[in-house]
Structures are given as structure tokens and as C-alpha cells.
Colleague: 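Structure below; questions to follow.
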Amino acid sequence: MPGTTSLGIRYPFQGETVDQASWQNMAVDIDGLLSQLDVLRSTTTAPATASVFRASNSATLATTVTGNLTFDTENWDTAGYANLGVNNDRFTVQPGVFYVCVAYNINTITTTTGIQTLFLVGGAIWGGYTVGNIGGTTTNTNVSTSGLIVAQAVNTTVQVQVRWNGTGGPAVFDLARFIIIKVRDLVNV
Amino acid sequence: MKATDSQFFPYPENTDPGDAALELQVLAESVDAKLVSEFTDFRSVINRKVTVWRAAADLQTIPANSVQTFSPLSSDLVYSSVSDPLVAIPDWSSSVFSDADPGYFRVGLQLATQTVGAVTANSIRKLTLSIFLSNTATFQIDSTEVVTVEGYDNGLGLQYQFCEILTAVTNTQYSKVTSDFFHTNVASDVNIKATTVFWVYRVCDLD
């Protein structure tokens, strides 16, 4: 019976016959371990990430009305988080910790008291960012924010909900960009 | 025995007594040791240390024109990749974390607030996140990093503010995180609301 190293690489004990099988066993075991290492290397150098964009009419909302930003362009998606042809307002992720970033432009308003940006995780408000006291005649206000989220369940949706408060409108949300980067799985690999 | 140039994997010379089993074992063990090191290094990067809290209920009521420190509760822990969260709880404002694994850490906060009663129009909401670094556990502060974000009531009920710091922690340093809030809503107090999120995670090695 061959011995094995801590990682399971087989080798013949002293006194055992060293034959073709001895070499094949060791080569196969090393090959398997290096394949596992390739996966880890790939995860390290290229974390799962996706970026989606919409140049115009990502959302059109009257004052105080909430709505989700929508997207029509997939800039990149290394893990299948986006499926804009089915749902154009979300990433769908598996359990893990993620960093999310969003940026957009809001315009065609008369005056703005505040703009609210919320991250929805699994359809529920996770956290967000609000801008206030903008005042005056407002065109082309840029908003951006980011944060860390935790997805606990399989197929968790991640979305951006927006709202504004003021006069005039409806407000048009343009140049919307939404990015997600995986920080880690919930369990160690 | 001889060894390869870079990884020093052993192999027999012509003058070595023939013991193929031993030679294969030695080679197997040498490769194993190298692979164990590689797996450990990659996993330390992939399995980043992360701790996240999210307030399950309102945390604190803060009067106007008064800087108040606030922090998550132990029961607000949503996820931690380590058995002891990176920042000791229950009070991250007075806790100290030291890490035997130096590196760059990102500390962040998404704050949710709301007035208890009436709103003072255009009143200020000011969030300050501070990291204090010390070379001793008794906390003589050797350096600090502070981020302050200031906003105004926006008439949308819940107000949200965000800030984040990237900091380097060396193997000789202890660190303390505090979050402070200040407002000028004189018409009523302001609550630190449920859904406020706090996080700490290790980004990478120092070099």
C-alpha cells in the first residue's frame, strides 16, 4: 500500500515494488492538486465582478416616488451576476460579501430638496446615501455612493432604488452605472 | 541527491545507491511542502477577514448641537469570518483590535438617521469616522485617521450618510474605531436608526 503526504500525494513505501503505477500515482495526484491551485489563483487574481450601465432613462420619477435604476448595457460580468434581458434592474448573487458602487445623473428638475439612493438586498433596504439641501434650479446633479453588503441566501438580488424630493419633474435618471465586486464567500474555501 | 534550481525538488544522482521508493517519497514530500505553502498563501487572500454589523433596532437618540458617539450592539452582528470579530464588541467605540496579521483594512459605515419629531429645515447632519492607531495596548494615540461627511436634512424622512477609511495596520499597532454624530435639528432629537451598517475588512498585505 502506498504512503501519502499531507495533501494525499501517493508514494511507495521502502521495500515495495517501484513500477509504472508508482510514477503514475504521484503524477496524477500532483496534477490534481495543481488544478485546485489554478482555481485558487484565478479567484485571487480575478475576483468575481460585474458592471452594468444605462446612458439615458435609467429611471423617470415624479417627486417622492421610489423606483429602481435600470440598465441596458453589460460592461463586464465575470460570474453571471447580470441577466439584463430577463431583469434589467439587478444583480443576482450567491451567498457572500460584496462591495457595491453606483453612480448616476439626475436632471430636469426645477428645485431639489433631496436625493435618496438605497441598496436593496433580497428586495429589502440594506443601506444607502442621501443628498440634501441642493436647492435652486437643478440640472445634471451627479450622485455616487458605495458600500459593503452581505448576501445570506442563494440567488439574492441586489438593486439600486432611488427617490427625489422637490418641485418640477419628473426627474430623469441618466448615465447610471452599477458595479459589484465579490469580497469573499461566507465560508472559507 | 541533487535538487532543482528554483524549488529545490530532490532527484537522485547516478552515484546514489538505488532506492527508488525512498527517492519517490522524498520527492513527494518536497512537492507536498511547496503546495501546502501555495494553498495557504492563496487562501489567506481569498478568505479575507470581514466583520459586518447592521443595526436591528434603533441604536441611540441624539439631541441637537451635541457630538455623540454611537456603535453597534453585539446582537447586530450579521457576519464575521473570524471567531472573534475584527473589532471587539459590544462597543466598537471603546474597543481595541490588534491584529497579528498586519495589512490594509477598510473600515466603513452607512448611517441611517431620522428625526424623532419635527424637522428643522436645512439642518445639518454630520458623521465622523475615526481610526486611532497606537503602538501600545494602553492607548497612547500615535496616529489617527478621520473622515467627516456633512449633509443636510433632505425632507425624505430617513437620512443616509456614508463614509469609509482605508488604513494600514502594522504588526506593532493596536487600533480603535469610533463613530460620532452631530446635528442641528433643534426642533427635535434625531435617532440613529435600524439598518445602519458598520463594517471592517482586511483588503491585503502591506507589501
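The chains referred to below are lettered A, B, ... by the order of the sequence lines, with proteins before strands, and numbering in each begins at 1. Because the structure is a prediction, the values reported are computed rather than measured.
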Colleague: So what's closer than 4.5 Å to chain A heavy atoms on B:F162: side chain, backbone, both or neither?
Modeller: both

Colleague: Once you round to the nearest 0.5 Å, how far does CG of A:D185 lie from CZ of B:R48?
Modeller: 11.5 Å

Colleague: Does B:D5 have more than 12 heavy atoms from other residues, nucleotides or ligands lying within 6.0 Å of its CG?
Modeller: no

Colleague: From A:Q36 CD over to B:E38 CD, what is the distance, rounded to the nearest 0.5 angstrom?
Modeller: 13.5 Å

Colleague: Calculate, to the nearest 0.5 Å, the distance between atoms CD and CZ belonging to B:Q25 and A:R10 respectively.
Modeller: 15.0 Å

Colleague: Can you find a pair of side-chain heavy atoms, one from A:L34 and one from B:L35, that are under 4.5 Å apart?
Modeller: yes

Colleague: Just checking, any donor-acceptor pair under 3.5 angstrom between side chains of B:Q159 and A:Y129?
Modeller: no

Colleague: Just verifying a value: how many Å separate B:I46 CD1 and A:K182 NZ, rounded to the nearest 0.5 Å?
Modeller: 10.0 Å

Colleague: Under a 4.5 Å heavy-atom cut-off, does chain A meet the side chain of B:D32, its backbone, both or neither?
Modeller: both

Colleague: Under 4.5 Å heavy-atom distance to chain A, tell me which part of B:A28 shows up: side chain, backbone, both or neither.
Modeller: both

Colleague: Side chain from CB out, backbone as N, CA, C, O: work out which of these in B:Q161 comes under 4.5 Å of a heavy atom of chain A, or both, or neither.
Modeller: backbone

Colleague: Pick from A:T44, A:L118, A:I30: which one has the most heavy-atom pairs with chain B under 4.5 Å?
Modeller: A:T44

Colleague: Examine whether an atom of B:V197 lies under 4.5 Å from a heavy atom of chain A, and if so say whether it belongs to the side chain, the backbone or both; otherwise answer neither.
Modeller: side chain

Colleague: Before you tell me yes or no, could you show the steps for A:L37 and B:F42 under side chain to side chain contact (heavy atoms under 4.5 Å, CB included), namely the whole-Å CA-CA distance, both residues' side-chain angles and the distance that decides it to 0.1 Å?
Modeller: CA-CA 8 Å; A:L37 210 55; B:F42 280 124; 3.8 Å; yes

Colleague: Between B:Y201 and A:R184, is the side chain to side chain contact (heavy atoms under 4.5 Å, CB included) condition met? List the steps.
Modeller: CA-CA 10 Å; B:Y201 74 91; A:R184 62 159 294 150; over 6 Å; no

Colleague: Using heavy-atom distances under 4.5 Å, tell me whether B:R106 contacts chain A through its side chain, its backbone, both, or neither.
Modeller: side chain

Colleague: Counting only heavy atoms closer than 4.5 Å, note whether B:V78 contacts chain A via side chain, backbone, both or neither.
Modeller: both

Colleague: Heavy atoms only, distances under 4.5 angstrom: which of B:R54, B:R43, B:R125 has the most pairs with chain A? Name it, please.
Modeller: B:R54

Colleague: Check each of A:V150, A:V97, A:L148 against B:W199 using the side chain to side chain contact (heavy atoms under 4.5 Å, CB included) test, and report the only one that passes.
Modeller: A:L148

Colleague: Which pair of heavy atoms, one from B:V36 and one from A:S6, lies closest together, and at what distance?
Modeller: CG2-OG, 3.7 Å

Colleague: Most heavy-atom pairs under 4.5 angstrom with chain B, which of A:I149, A:T64, A:I9?
Modeller: A:I9

Colleague: Give the intermediate values and the outcome of side chain to side chain contact (heavy atoms under 4.5 Å, CB included) for residues B:V26 and A:Y11.
Modeller: CA-CA 9 Å; B:V26 170; A:Y11 57 86; over 6 Å; no

Colleague: Could you report the tightest heavy-atom contact between B:L158 and A:Q116, atom names first, then the distance?
Modeller: O-OE1, 3.4 Å

Colleague: Are any non-hydrogen side-chain atoms of B:F39 and A:L33 less than 4.5 angstrom apart?
Modeller: yes

Colleague: Quick one: NZ on B:K34 to CG on A:L7, what's the gap to the nearest 0.5 Å?
Modeller: 13.0 Å

